[in-house]
**Student:** 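My questions all concern the structure below.
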Amino acid sequence: MIDINMTLVAQVLNFLILVVILRLVAYKPIMKMLKAREEKIAKSIDAAEADEKKAKELLEAYNKQLADARIQAQEIVDKAMKRAQEERDASVAETKREIEQMRKAAKEDVARERDRAAMQLRAEMVALSMQAAGKIVAANMDNKANEKMVSDFIDQLDKDKIGELPC
């Protein structure tokens, strides 16, 4: 059995005094420190949640800005492509216009050369006609011989036609 003596009472009394002293000296400061730490952790958690929410908002804003930037970039590319197409079309139209002008100038040159050749041919015909007339007058032939000579001259000119111009 348990023997109750002064030693046991003194030990119990010492234990109780130690508990009271520890409660005053250690337990309350430790509890305060634990409570402060708990509050600090709660604040850190709240701050982390706020930071996470802010980060999500920033990410959404960044994604929206990125989407807007992509849209603007596509618009810029579309405008550049449209401008390039317009410039290409204008260049093609200018080239066609120049080709048409060159074609028209060439036709005019051909017409001028044809007219000049016709003028030369007429001049030569007049000269040849004059020579033929001179021969006719010089030969002093009769009307039948004159008609035959003119007819032969005209037949010879018909055989030697130049281009599409009749002589």
Side-chain angles (χ1 to χ4, degrees), residues 1-128 156-167:
M1 285 265 262
I2 299 180
D3 191 16
I4 297 181
N5 61 14
M6 269 325 251
T7 309
L8 184 62
V9 173
Q11 283 181 351
V12 170
L13 189 62
N14 280 337
F15 179 73
L16 290 175
I17 292 172
L18 184 63
V19 167
V20 169
I21 290 173
L22 284 175
R23 181 174 168 94
L24 292 174
V25 174
Y27 182 71
K28 282 188 181 180
I30 288 175
M31 290 308 284
K32 272 186 182 179
M33 186 179 66
L34 287 176
K35 185 162 179 117
R37 187 167 180 201
E38 182 181 333
E39 289 174 1
K40 184 178 176 183
I41 290 172
K43 285 181 184 177
S44 294
I45 290 172
D46 290 342
E49 288 174 354
D51 288 346
E52 182 182 10
K53 183 178 178 183
K54 188 175 180 181
K56 284 181 182 178
E57 290 172 357
L58 287 173
L59 180 63
E60 288 175 11
Y62 169 77
N63 286 336
K64 185 176 186 240
Q65 287 177 347
L66 185 62
D68 291 344
R70 284 183 181 148
I71 290 170
Q72 288 176 349
Q74 186 61 41
E75 288 174 356
I76 290 170
V77 168
D78 291 343
K79 285 179 183 177
M81 289 178 69
K82 183 178 178 184
R83 188 176 307 133
Q85 181 66 30
E86 289 172 353
E87 288 176 5
R88 186 182 71 80
D89 292 344
S91 176
V92 167
E94 177 67 21
T95 303
K96 285 182 180 179
R97 186 185 60 75
E98 288 174 2
I99 289 171
E100 190 59 36
Q101 284 179 345
M102 292 167 79
R103 191 176 294 156
K104 184 178 177 183
K107 284 181 181 180
E108 289 173 358
D109 287 344
V110 167
R112 261 194 308 272
E113 286 296 317
R114 186 178 61 225
D115 291 344
R116 188 175 63 78
M119 294 287 280
Q120 285 178 348
L121 184 61
R122 283 186 192 130
E124 287 179 25
M125 278 181 43
V126 167
L128 289 175
Q156 185 179 356
L157 287 178
D158 281 343
K159 289 178 187 174
D160 297 335
K161 285 184 186 177
I162 298 176
E164 295 183 29
L165 297 174
C167 294

**Student:** Let me see the working for Asp89 and Gln85 under side-chain hydrogen bond (donor to acceptor under 3.5 Å, both in side chains), right down to the final yes or no.
**Tutor:** CA-CA 6 Å; Asp89 292 344; Gln85 181 66 30; 3.1 Å; yes

**Student:** Mind checking the CE-OG1 spacing from Met102 to Thr95? Nearest 0.5 Å is all I need.
**Tutor:** 10.5 Å

**Student:** Should the pair Arg97-Glu100 be classified as a salt bridge under the 4.0 Å nitrogen-to-oxygen rule?
**Tutor:** no

**Student:** Spell out, as yes or no, whether a donor-acceptor pair under 3.5 Å connects the side chain of Ser91 to the backbone of Glu87.
**Tutor:** no

**Student:** Give the C-alpha distance, both sets of side-chain angles, the deciding distance and a yes or no for salt bridge (charged side-chain N to carboxylate O under 4.0 Å, His left out) between Arg83 and Glu86.
**Tutor:** CA-CA 5 Å; Arg83 188 176 307 133; Glu86 289 172 353; over 6 Å; no

**Student:** Quick one: CD on Gln72 to CD on Gln65, what's the gap to the nearest 0.5 Å?
**Tutor:** 10.5 Å

**Student:** With sequence neighbours left out, what residues match Glu38 under side chain to side chain donor-acceptor pair (under 3.5 Å)?
**Tutor:** none

**Student:** Would you sort out whether Arg116 and Glu113 count as a side chain to side chain contact (heavy atoms under 4.5 Å, CB included), showing the intermediate values?
**Tutor:** CA-CA 5 Å; Arg116 188 175 63 78; Glu113 286 296 317; 2.7 Å; yes

**Student:** To the nearest 0.5 Å, what is the distance between CG on Leu59 and CG on Asn63?
**Tutor:** 4.5 Å

**Student:** Check step by step if side chain to side chain contact (heavy atoms under 4.5 Å, CB included) holds for Glu94 and Glu98.
**Tutor:** CA-CA 6 Å; Glu94 177 67 21; Glu98 288 174 2; 3.2 Å; yes

**Student:** Mind checking the NZ-CE spacing from Lys35 to Met31? Nearest 0.5 Å is all I need.
**Tutor:** 8.5 Å

**Student:** Say you draw a straight line from CG of Leu66 to CD1 of Ile71; how long is it, rounded to the nearest 0.5 Å?
**Tutor:** 10.0 Å

**Student:** For the NZ atom of Lys107 and the CG atom of Asp109, what is their distance to the nearest 0.5 Å?
**Tutor:** 12.5 Å

**Student:** Going by side-chain contact (heavy atoms from CB on, under 4.5 Å), Val12 matches just one of Val9, Asn14, Leu16. Which one?
**Tutor:** Leu16

**Student:** Do Gln74 and Asp78 meet the criterion of a side-chain donor-acceptor pair at a distance under 3.5 Å?
**Tutor:** yes

**Student:** Would you say Arg37 has more than 12 foreign heavy atoms packed within less than 6.0 Å of its CZ?
**Tutor:** no

